[in-house]
Each structure stands twice: as C-alpha cells, then as structure tokens.
Amino acid sequence: MTARKTHVLDGNEAVASVAYRLNEVIAIYPITPSSSMGELADLWAAGGQTNLWGSIPEIAEMQSEGGVAGAVHGSLQSGALTTTFTASQGLLLMLPNMFKIAGQLLPCVLHIAARSVATHALSIFGDHSDVMATRTTGFAMLCSSNVQTAHDMAAITQTATLASRIPYLHFFDGFRTSHELSDIEMLSDDDLRGLINQELIDAHRQRGLSPERPSLRGTAQNPDVFFQAREASNTYHGNVAAHLTETMGRFEELTGRHYDLLEYAGHPEAETVLVTMGSGAETVRETVEFLGAQGRKVGAIEVRLFRPFPVELLASLLPPTVHRVGVLDRTKEPGATGEPLYQEIVAALAEAEAFADLERASNGQAARHRPAVYGARYGLSSKEFTPAMVAGWLDELDTAKPRRHVTIGIIDDVSGLSVSYDPSFDIEEPGVISAVFFGLGSDGTVGANKNSIKIIGAETDNHVQGYFVYDSKKSGAMTVSHLRFGSQPICAPYLVRNAGFVGCHQFQFLDRLDVLERAAQGATLLINAPYPADEVFSHLPQEAQQQVIDKELTVWAVDADAVARQCGLGGRINTVMQTCFFALSDVMETENAVVHIKAAIEKTYGKRGADTVRRNHEAVDASLLGLQQIKVPGTADNPRHRVPMVPDSAPDFVRAVTGVMLAGKGDELPVSAFPPDGTWPTGTSRWEKRNIAAAIPIWDGDVCIQCNLCAFVCPHAAIRAAAYDHSQLSAAPDGFPSVGCKVRGLEGKRFTIQVAPEDCTGCSLCVNVCPAKDRTNPRHKAIDMMPHAAHVETEAERWDFFTGITADRPASNGKIDARTSQFSEPLIEFSGACAGCGETPYLKLLTQLFGDRLVIANATGCSSIYGGNLPTTPYTTNAEGRGPAWANSLFEDNAEFGFGMRLAEDQAQGRARALLRELADEVGAELTDQLLHDFNDTDAQRRRIIELRDVLATVDDPRASQLSLLAEHLDPRSIWLVGGDGWAYDIGYGGLDHVLSTRRNVNVIVLDTEVYSNTGGQQSKATPIGAAAKFATAGKAIPKKDLGLEAMSYGHVYVAQIALAANPNQTVKALREAEAHEGPSLIIAQSPCVAHGYDLSRSAEQQRLAVNSGAWPLFRYDPARALNDEPALRLDSRKPSTPISEYMANQTRFRMVERVDRKRYKQLQRVARAEVKRRYALYEQLSQMVVPGVDVADRAAASLALAEADGRIRKKRTPPAQPEATS
Amino acid sequence: MSAPDLSTTWLGLKLPNPFVCGASPLARDLDMVRRLVDSGVAAIVMPSLFEEAVLREERGALRHHEMHGDAFAEASSYQPMRDDLSFGPEDQLEALAAVKQAVTVPVVASLNGTSPGGWLRYAKQLQEAGADALELNVYELTIDPNETGVMVQGRTLSMIEEVRSSLSIPLSVKLSPFYSSLPNFAAQLEEAGVDGLVIFNRFFLPDIDPEELEVTRTLVPSSSTELLLRLRWLAVLSTQRKLSLAITGGVHRVIDAVKAVMCGAHAIQMVSSLLAGGPEHIITMRRGLSRWLEEHEYASLNSMRGCMNLKRCPDPSAYQRANYLEVLSSWHGTMPGPLSS
C-alpha cells in the first residue's frame, strides 16, 4: 500500500467529511461538542458540495434533538440514507426514536461526540455517560479512539449498517477526539465507493414507504404477539459482528488499515489485562507497551464494538496467563454492580468461560482458571487520563487484594475509592516535540496554533497533534494550546506535561498563573513582553524567575503587541508569535516556515480579506526583527511575587476551592472539597479580580447629568450609581468624587458614579450611551475611557469605599424608572459574559427590581453559562444576605422547571396561610390579618414574619413549628423563567406554550439574541430573515417567528417586547408590569450579541435602529387594560421611520449574505421590508382594538384546586407611576 | 436647417450628446440606469469605489469575527464564514459589470483610494470589470500642518503616473477647486498622461448640531449658483490644455449647459438635477439644448464649444482677476434700478 497524503483535521471534521458524502438527508441541531459536524454539513451544502452520488444532501435544522430523531426516523422509513450528529442530553432526547429505528431495522449511523450528561452539574466535556444511556435501544455501538479511527469508522459503520440493517451509534470522546487536531489519511470518494455496496443501498431504498408497494409500519401489538415479534429480529443483531468484521476486512484491503471488533496489545503472556474504550484506550495501550518493553506482563484490550458485545472474541484474545482483568469505564452508574463496560466484561467472561468449561468437561478436561475482574472509573468530563494513572491502576491490580471499584485520576478522601499514582511517571518518546502556548481568546493564539499544526502536518514528515483548553469565561478568556510533533504517530490523548517549548502570549499571565509549570528542563520560553530585551527578566515575578533559572530555560522575547500595532493588526498578535515559534523551534527551516505561514494566511483569509492578508504578511516579516534572546542572570531578584488568585479576606470556601480552581489547579481538589448535591455558594465572582480591560470609564461629576444610563447599560455591573447622605463621606479616600444629587426626591444627597476598575471589561458601552458632554470641550463626557494602568489603583480604593456606602435604595413598591432603578444594588455582577453582552443588563435590572425575592429557573445557554459556570458565580447577595436563588435544569425544559417552582411555591404559600389562619388565636388577629392581606410592603412583611416566628416559638403546637418553617413564603417570591431564543422559540417552545396557557403566576424573560449564541450562532426561529447564521449560511429565508403575538392570542398573558438601550423606561415599566401581573408574563428582550457582527460598544445605536426600522417594535400587552375596556396592546414605538435596509447594513450577519449573493439578498430584504409593514400594521390595528378582557385572577382561582376562598396571595403592587414610555 | 449636432467626444469616447450621469447612487439601480439610457444619457459614471469603505468593512467584519473565535470551548466562531465570502470591492465590480451588460452607452468607473497600492489595485480591477474609462476622485483633506501643497500634489501625481502606466482605458481626474495653481497642476496631470479633468468635485461637508454638540454630515444638492466657479476654470483650462473637460456641479437648466460648453466643456455631468427631476430630465436637457442651438444658429455643439473661453471671450481680464472692482466700476456707467426691484 503506498503512503497516502495526510490532512490535518479534528475528529468532528474527520467524521462529518465521511457522513456528508455517504448520506442524503442530514437533520441537525446544535449541541456541544458535536455542533461543528452539523455546521460543516450546512457549510458544505451551501457551497454546493455533493455527496457520493452527486447530489447535495438535504440539511435540515430541527427545533430539538427530539425533532431531529423524528426527522431521521421518517427519512429512514422513506428510504433515504440519513444521519445526524449529537451528544449528551441531545442523544437522550433521541432515545424513543432510537428504539423505533432499531426495532424497525432501519440502517443508519448516528455520530456522537460523547459528552457527560448533566447530573449534579452540567458539563460540556467528554465521557460515556450519554452513549451508555442508549445501550438498551438495540443500536449497535461502536467506539473510535482517535481522529483517524473516527474518520475510518464513520465509513465502516455506514457500510456495516446497510449490510446488517442494525443502526449504529458511532461514538468518540467529546473534545479529546472531536476537537483534537491530528494528521490523518483521508478516505477518497473512490475508497468510499469501493466500500459501500450499492445493492444494499438499493435494498434500503426499496424498503422505503411507497404507495407503489403499500405497507404499514408502527403497528400497535398486544400481549398475544408483541413478545414473539420483538424476538423476530434476533438474527439481525446476531449477524452484526460478522458484517462488521467483513467490512473491516474489505476496508483493510482498500486502505491497509487494520481494525477488529476488539484489539489486543501487550505481552503475549500477560498476567494483568486492562480493557478500555475510546481515547483512553490509546493511553492504556501505549503505557502497557511501554511497561511490556520493561518486562512487565501486562496487556490491553481496546473495545471497538460494545454492542452487540463480541463475547467469544474477548475470551479468545485474553492470554491464558491472565489472572486479573481491569476494566476502565468513562462513566458512572451509581448503584450498579459496576459500570457498563465492567458489567459487560464480567458477563461476557462468565458466559464465555462457562461455555468453555462445558466444552472442556465434555472432553474430560478440568475447568480453566478464571481471571478476576476489577472495575475503575476514569476521565469523567474530560478529566485528564495519563500513563501515570494507568500505571497506578496496574499497581493497584498487582496488590494482594485489589479494590474492585475504584476511581482513577482524582483524590477521593470521602469514600476512599481513588487509586494513587506517581504523577512523574512519563512514557513520552524523546523524539516528540511538545509545546504549550498560553494566550487570550481574543489574541488569536489558538487559531495560529491550528495553522502551525496544519503547516507542519502538510509540509514536513511529522505526525502532529493539537488540543486546546479554554477557560469558562466568554470575555478575556485564557486559552492553552497543547501541540505535539514527531516522526511516529502521536498516541497521547492527554495534555502536554513536559513541554520543550512554552509560549506565553500575554505577559500578565506570568503574574497570575504558573505558566512555567509545564516547561521541561532546558526548554525554550518565548514571551510576548512589552519591555526592552534587557528589562524583560526583571519584570518576571520572582517565582517565574526562579523557575527559569532552575529549569535552565532559554528565554526569548518579542514585543508582539507593538509589532501587531505597527502592522495594523490591533491586539491580534497571533501571526507574530507564530512566526517567532517557527524561528525558535526546530520543526522546519525559518525561511521555509515563513513561506508557508504566508501561504496559510492567504488561505485563511482568502477573498475575504485581501487587506488583512497584506497586513499579516507585513507582520510575519516584522516579527523576526523584533525577536531577541533574554540574558538569564543567576539569581531571582525581583521582590514582586505572583499575585494570589483571591485575597485573604475572601470567605473560606472561596479561598479553599474557588481560588484553587482559578489558579488552574482544580484537578488537585479532593472529593471532600465539594458539596455532594452540586449546591454552590453565590457571590463569588467579586473575589476574582481579572483586570482584563485596557481602558476603563472615569467619571467627571461636574459634567454628569445623573441620568444613570451608564450603569443601566453596563453588562457586568462594573459601573454603579449611588445617592447617599453626606455623612457617609467621612471615611472617604482622598479625592473621592461626589456631587450634589440632582435627582428628584434625592436633593440634598450626594451622588457618585463609580467604576469597579478590576472587574470592568472595557467594553465602553457606558461611554457611548453617556449623553452628557462638557459644553466647552464636547469630546470630554461625564465618563471617558482612560488607561486602566493609570487609574486602577486609585479607582480600586474608591470602589472599596463605594461598596461600603449605605446608599438610598428606592422602595420596591414606589416609583422606579430607568434612572432610579440604578440606585438599587445589582445582584448579578462581574459575570464571564462577553464584553458588551446584550443579555446581562436585563438580568442585572431584574435583580435590581426584584433581586432579594427572586427565584430564577434558567434554561441552558449563554445565560446559564455566565450565570453558573464555575469557578465563579455572579449572582450575589445584598447586605442582608438576600439575593437571587438560581437553578438550571436543562435546555428543553426550563418553562416546566420554573413552573414546577411556582407549583411548589403556591403549595407552600397556601399551606402557610392555612396554618396561619388555624393559629390566628395564638398569633393574634391583627398580625394574622396583616400577614395575610397586607404584604405589598416587603420590608414591613419581613418584619412581621420575624414577629410571627417569635410568637410561634412560644406556642406549644406542632403546627407552630411547621408554620415557622413555612413563614418565609408569606413574603411573595418573584419567579422568573430565564432563557434565550433557542429555548423559547425552539426546543422549549412546547413547554413554554403550555406554561403560559396555565394562568399560573410565572414571569418569562426571553433574552433574544436571534441565534443560539452559546453554541456559536446557529439559527433559531428568532433569527431574522436575511441574516446569515450557522445552519443558515446562505441567509435565513423565513421571517422571525412572532412569539409575542402567539402569546397574546391567549388573552390572559402579559406580553411585552423591549429593547433596553432603545427605551430604558419602557423596559423598566414592562418588567414591573409583568411582575405585578397575576398570571403568566412573557417579556421578549432584544439582546445584542457578538454573533450579529458589529462593535457591541455601539449596540445602543443598533437597538435604536432596530426599533426605528420596525425590526423590533416595542409594545406591552396588558390583559388588565382589557378589563377596563381599553385596548390591551399598547405600542411603545412609532411607525417605522428608518428603512430596514439601514438597520441591516451595519451588521456582518446581513452583509455577508449580501456579499455572497446580492440578488438573493435583495429578495430577502424585500420580504423583510414587507414583513415590517405587515407586523406594524397588525400591531397598530390591535392597539386600537377593545376586546372583552380575561380576568386572570378569577380564572386562575377557578382552575386551582388548592385556591383558598379569599384567593391566593395576590400582589397589588402599585403600577409603575412614571409617564408612559414612548420611543 | 437640420437639427443641430449635439455629439461630442469626451475622453476619446464618441458621445451623441454631452449629458452624462455623474457619480451617484443613481447607477446602483439597474432600472434607473435603463431609464437614463432610454432618456438618452450619453454615458454613465458609476458611484465611487471608496477604498476606505472597502477596508473598513473588511477589517471590521474580520475583527468582530476573530475577536470571539477560538476563545470559548462551545463555539469556535459565531458566524459562518464561507469561502466565497468577500469583503473586497467585488460588489462594486459586479455592479459595474452588470451596468455594462445592461446598456450600450459608455460606463465610466470612479475611484477614491487611500493608499498607493489601493489606487492601483482597484483601478486595474475596475478596468478588468469592463469600465470604458476611469475617473479618479483624488480629493483628500490634508489637516497635517507639516504637509505642504507641493507634497500633496506630488503624492497625487506619482499615484496617477503609476495608475496611468498600468491602465489602457482613458483616465480623467476629478479635481477639487482648492489648488493654489490649478493650470500648473493640470499641466502636470496632462504630462502624466491624464486624458481629462472633471471640474469640480463636490463634498460631503460637516455641519454641527449645537444642541447635541455633534458633528453631522450633510450633502446639499447643487444649484446653478455653483456653476460660476466652474465656468471660470473651464474657460481658463480649455485654452491651455488638450485635456478633455467635463463639468460637474451646477448644471440644472439648459442655459447652464450652454454656458458650460461655451466655456469649453466636452461633457456635462449631472446628478442633483437628475435626482430632482428623474432620469427623464435628460430628455428635457437634450431637447432644450438642441432648440437653443437651433435658435442661436449653431450647427453643432462643437462649433459653440469654447466660444467664451479665455482666448475667445470679449474680455478675458474678467476671468483673470477677482472681479469685485470690475463690478463696482461697472456701476459708474449704468446704475441699476432700486435694489428692492
């Protein structure tokens, strides 16, 4: 077999490239880490790429994975070659259809980037808990262990499924394989043609439903026949292994690559054998071979086919010398005898041995010694799994009494199950070059490294590997790239531990993190340093200096920011650092590398960026001139030390757990550090001082008009307003700015706008919305962006003082408008959301209005990630310790989840009120009456509850202690269901619709970014017509769904559409009205997002354009108005006055559609124009219509079995008293 | 007498009449272009390709795309970037090609560059896209006190020389009126191989909003009062150079066109009057001009061209000095009636 040209791809692309060519229908839905397979399919289809039969596959995004599974099932029933890609919860949503598909012998392959299923917490990372949940469906299950295998198995399973008619679940490790870049030999179309049997495809098509050959499927069967019919397919399942083996044989003939259902490696007389599946099997095999070479009698079996399990093959592969079998499962099945693979091996061995014993007995031989089987869990949620851990497990198995069910790779100091190991154990070959790079998400480090890998893979004889680790923030995020190159295939699916090259692309990382921990002795260190070469060393913190000396590192530096700036590349230092890496590493000649880097730049930007290509080419040339070696002195003399991740003043938990996670050492935390049910403290983000802004807003009180808009729009609660008594200033630091308050009702108070300099992301949204200009120098506004470095110290001191001020807070039931809302303390702060995020200001406002009695059910998505992705938690508490209680269930069920909270609250509230009434004599009539009926004044009610508990403590009645416990429910809670458009318009729509129909008092806020933002901008039904989004690469052809109008059709639902920066007062008014509404409320909030493709610091202007163009009409539909014989719908924006084209022209999402196909874009724009007119005309008419109202309270009471005679606790909050909001 | 001959030669292009649709959004709309042609427009100048706008969009789009790409585990990017997506001048090039395909009249491209490489690159692309001639919109605002007029002119000239040497189509330069020695600069341009001049560019002018303390941008449509500045320089330049001259700015009425030709214009570019009167205003102008020539017994436009230029007008000194004194002194002889009349 001649050597084939290799290509560098990640696992997802490797799989998708085969699946796309071998299928006709591909139903898709985004879910990490499988999304890119669907994205690529959509991109290829939009570009006219054809499958093996010359047609462009039908690509259809569905509303959920459940929908995908239905579409796949229908398509298969109709005889098309059909596939999909998914993971985790997405796969679980497919379960019912998977049973059907397998039960009906419909051949297909589902490709799964295996990922943890959310349990105590969500995790996007890789393990087998999702695929193991499908093992009863009847699907064959085949696992790939690396990128090449995943590519090959995509073809093998597609062929085998057609032969056996049993559908396959083809899975590989999420991230570790799906996102690892590796050089692979790609299958050509001819290879695929050689493999695929056309007759089998024809047979599949012929079995498709057809009126020409009418048949009926999916019958309902009764006890008389179901069982027998279920058994009728046994032979098909029985033949899977044979068909697969035959296909693998033909595959080997075509490609030279050998595969088997199970594969053995290691010592032929192994006494201990490990059994593993997935990428971990590579680590096990390599370790076993390494130890075998040292004479240790160990072996490894890699399981490819998990279902149906090849029992006899397992028995035949195990050397007769085996005493112990260690099975490694990448999943946890609590309560089971062992994890799924363990169980399978135990059962298979028992069965195989039993058969063998019978055979031996019939031949008069003695029964054979049976190996003992031991199970271990490893690698959950992509936990590192290293050769050292494998060695540790083997050592455990070598003990006299190995433990049967253990964990590997963690420290379990609670149940004592973990296996210890020597972390210094290493099997990496000396010929492998390994490198790690620390960069910022925004500086292009990962992109450059992907590029480097592709260059090295294509232009040298090296095998390559690239794996990328991101932190959990969306702004100022750090990335760590792990690269390996070598003459032999790289079989090391774990992070680089001893790097011969370390690139530190941001100097400040050295101050915060142990960047040099992964540097090998004598490694090369390249630093992007904003200092002259002779000063660089002296700027390193002492710890780094010492490491440089101890590890004898060769240090090089380049001022990459300066070079990038000079070439017009802003903060994109990727090209500079990439060029320097090639110059310093021995991977290829520098001159040669420069040629290839330049070619790669041209390829990357292509037609999209001729100017960008030129500027990057200039940067390549300039980089080498700026590269300088740093002299390393013999002593570490910098008195400055690395900054601790959290201050000593932080709470214990933050120091002991959060701080360790922030330092990147979370792997070292033992089990005992964690709450067993996933409950986590709020208010921890304030302890992480990220200092990611280059410039921060600085306030000038003399110019300020005290509108508080800056604080209102701030996505991170990093700029705040306060009105307070003069007396508060007695302990103020020198120069603390304060002016007389001009706000009505607060005259005589002092007023300050203060930035949190270490938490601000520098998005400058606040400065752009600030209307106050110095009339003698209008460039100077009430807030100006100023260099962070020059102001951080002073402002940090001021911030500390500011947060201690006892400020005037508006009464929750009094007048509140956009301005006064900002005097309330935000109870979500410093989240990891993108700089300029359009969602978080709404949530911040929500916490300012109702935060101390707020309960949030949060759909999975951006808001659950910046709201609840560890290490830090942004929801926080006020001085009394009250604050939002927050929980995320799933993506698809959030409306129901929040509804459940409402049910529980209604039940608890009803019970508390009933008990109170029963105990009225003991409690006292007046207090009872007030507690039952006068609860609108929150503060007064809370005082009464304290009083009530005091009284109850003296009452000798078991009901008293019950009531004391339930008394908190007498203070009405505000229940909000928070999520994005992906949830509300698509996957969760059924549930949302149901919850809205019930008339229960839940408040829904849809943070509508018009795409699935969190997974990378896939279209939803909220995506506007004409916008390009992933899965709608050519531009969405259907107008945005009118969710508000649908909700209005119920009549009892409060519905509002808001745009925070376009009409702040309308936003505040809508939120308050929604909360006061006694039935369900739906708020649809326009949320600017990075996926829209414009500078988010200008999002306020875009929001105004959205409103003025009619793309986003503002309205409030209040059923209460209908009861007063007024039109329920009130339009808060005027007739569109700006052409929709003007709104669309500023955003890349629309422009890219125009750029690719002007004619089509014009058509789409025409429809968009017509849609704006249609919607406005409809709303205008509705806003003039008086129709009979729906008394929500009456109907709700009527529908609630538990409603009390005097009605459920009903808030009669004062309706917002400010003037009607208009645009 | 047969109908007067309105034909003219501009930039080497034979035109049936002098009326050209100047660089404007009008040519962006193919229906509008067809109406112009149906009305008898002699040539069409495409809207200017602004290098600055092309670069700004490319840099902006890629920056927003890249800033958020490869930064978060769940999303390698937030927009689908297709290989066939381009942020270059393709849409302008395609628009030019589309107009070329739709009409038979000459189509002139217009270009405003910001970098030496940009001028050349885009000029070539416009020629390749089918432009019959290229109009270089060389206006730049120099606010650097260290930069002299000579430096600015020198930079412009060297750019034009470079473009000229790599282009085969006729080249005209759209000038601003703010050169200290326009005839000298025109001579240098002619020497550099420029075929014609367009007199003069009109600019977006900043205004200010005193309430909001903002700088605002306005473009006021031209009026016939702007004609006079242009007439003078047509009258001067048409005698000194062989350059093909077009007037732009201020021609609204037939009499304006007559004056422009009398001062030496080969072509008359109109925008504001077409925006106001529609493409059919060309018909009015053509017919009116023909009638005027006929009534004044000019057999052709060529015979009238330049009759009032610096060489042939009765009083050339009127063009040569600031004429405030002339006007005052003229009052001695013939005292006009009361101002209020």
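Any value given below was found using the heavy atoms of this structure, including those in side chains, with hydrogens, waters and symmetry copies removed.
Looking at A/Glu39 and A/Gln1018, their side chains do bring a donor and an acceptor atom within 3.5 Å of each other. Side-chain contact of B/Asp209 with B/Thr216: a donor-acceptor pair under 3.5 Å is absent, judged by distance alone.
In this structure, chain B has a heavy atom under 4.5 Å from the side chain of A/Arg1158, while its backbone stays farther away. Neither the backbone nor the side chain of A/Ser35 comes within contact range of chain B, judged by heavy atoms closer than 4.5 Å. If you measure heavy-atom distances from A/Ala1032 to chain B, you find no contacts under 4.5 Å at all. For A/Ser472, the part lying under 4.5 angstrom from a heavy atom of chain B is the backbone only. Contact annotation for A/Thr1148: only side-chain heavy atoms (C-beta onward) come within less than 4.5 Å of a heavy atom of chain B. Using a 4.5 Å cut-off between heavy atoms, A/Thr445 makes no contact with chain B at all. Only the backbone of A/Asp774 comes within contact range of chain B, with heavy atoms under 4.5 Å apart. Of the atoms belonging to A/Tyr605, it is side-chain heavy atoms, and not backbone ones, that fall under 4.5 Å from chain B. Contacts between A/Ile865 and chain B at a heavy-atom distance below 4.5 Å involve the side chain alone, from C-beta outward. The contact between A/Lys473 and chain B is made entirely by backbone atoms, counting heavy-atom distances below 4.5 Å.
Taken from NE2 in A/His505 to OG in A/Ser481, the straight-line distance is 7.5 Å, to the nearest 0.5 Å.
Annotation: side chain to side chain contact (heavy atoms under 4.5 Å, CB included) contacts of B/Ala73 (sequence neighbours excluded): A/Ile124, A/Phe125, A/Phe175, A/Tyr470.
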